Amino acid sequence: AQSVAQPEDQVNVAEGNPLTVKCTYSVSGNPYLFWYVQYPNRGLQFLLKYITGDNLVKGSYGFEAEFNKSQTSFHLKKPSALVSDSALYFCAVREGLGGYQKVTFGIGTKLQVIP
Amino acid sequence: DSGVTQTPKHLITATGQRVTLRCSPRSGDLSVYWYQQSLDQGLQFLIQYYNGEERAKGNILERFSAQQFPDLHSELNLSSLELGDSALYFCASSTGGPTSGAYEQYFGPGTRLTVT
């Protein structure tokens with residue numbers, strides 16, 4: 001069964017500093033990996049995805065994520081955090097091949113950017 | 001704006017009652033997903049429809065049911081409501097079919113259900 005883990009409930013970072021939100025996954029085949037962001041009282045918004053190819057994926061709002069197959073990780077990064085980046089971030093995984101592919105979401109990591 | 005619409009935005013009802021949540025997917029999307037989000041359970045996948053047919057079930061209770069209509073809008077029916085059903089219910093849609101895992105999902109703003 002596929003699974004995804006976000007080991008940190010909350011990440012605090014000062015404005016202007018780089019940020020990392022961690023995600024590890026487990027699938028039996030090749031993974032499709034996604035990051036979503038949820039602002040208060042809003043639905044989830046798609047940020048970026050890894051399907052195949054370059055391990056460094058660039059997405060919306062200056063975010064990027066690095067796929068690391070050996071460590072089964074897909075950490076979300078941004079070089080310089082903004083206060084407006086404060087939100088709840090979800091990692092999601094989908095197995096890439098065969099039949100129906102359910103998507104599994106992590107429990108979410110709250111990012112707090114401190115002015 | 002994701003292009004996915006959900007109504008109503010808020011719903012307050014009593015235990016034992018039945019409610020219907022409505023979702024219209026993005027134009028052209030054939031897949032619709034329903035999720036429940038609560039503080040203690042996180043984001044839970046309930047059910048998926050593709051072009052009118054049920055394709056996958058997640059942690060959906062027997063008291064809950066859904067359908068997707070020919071115009072592709074979907075409804076989630078919740079019956080015999082309990083206090084624990086209070087949550088945010090999200091609908092999402094995607095371009096790909098149930099075997100096209102590469103497509104991201106676009107989420108609606110959600111319906112906040114409060115059961116008193």
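Given the structure is predicted, the values throughout are model-derived calculations rather than measurements. Below, chain A is the first sequence line, B the second, and so on; all start at residue 1.
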Point to revise | Side chain / backbone / both / neither for A/Tyr50 at chain B, heavy atoms under 4.5 Å | key: neither
Check your understanding: Side chain, backbone, both or neither: which part of A/Gln45 has a non-hydrogen atom closer than 4.5 Å to chain B?
Key -> neither
**Study point:** A/Phe74 and A/Phe34: CA distance, side-chain angles, deciding distance, ring-ring contact (aromatic ring centres under 6.0 Å, His included) verdict
**Key:** CA-CA 9 Å; A/Phe74 189 57; A/Phe34 303 81; 8.6 Å; no
Point to revise | Under the side-chain hydrogen bond (donor to acceptor under 3.5 Å, both in side chains) test, residues paired with A/Ser70 that sit two or more places apart | key: A/Asn68
**Study point:** With A/Thr109 via side-chain hydrogen bond (donor to acceptor under 3.5 Å, both in side chains) - residues at least two apart
**Key:** A/Gln6
Practice item. Show your reasoning for whether ring-ring contact (aromatic ring centres under 6.0 Å, His included) applies to A/Phe46 and B/Phe107. Key: CA-CA 8 Å; A/Phe46 168 71; B/Phe107 283 75; over 10 Å; no
Review point. Checking B/Gln37 against chain A: side chain, backbone, both or neither under 4.5 Å from a heavy atom?
Key: side chain
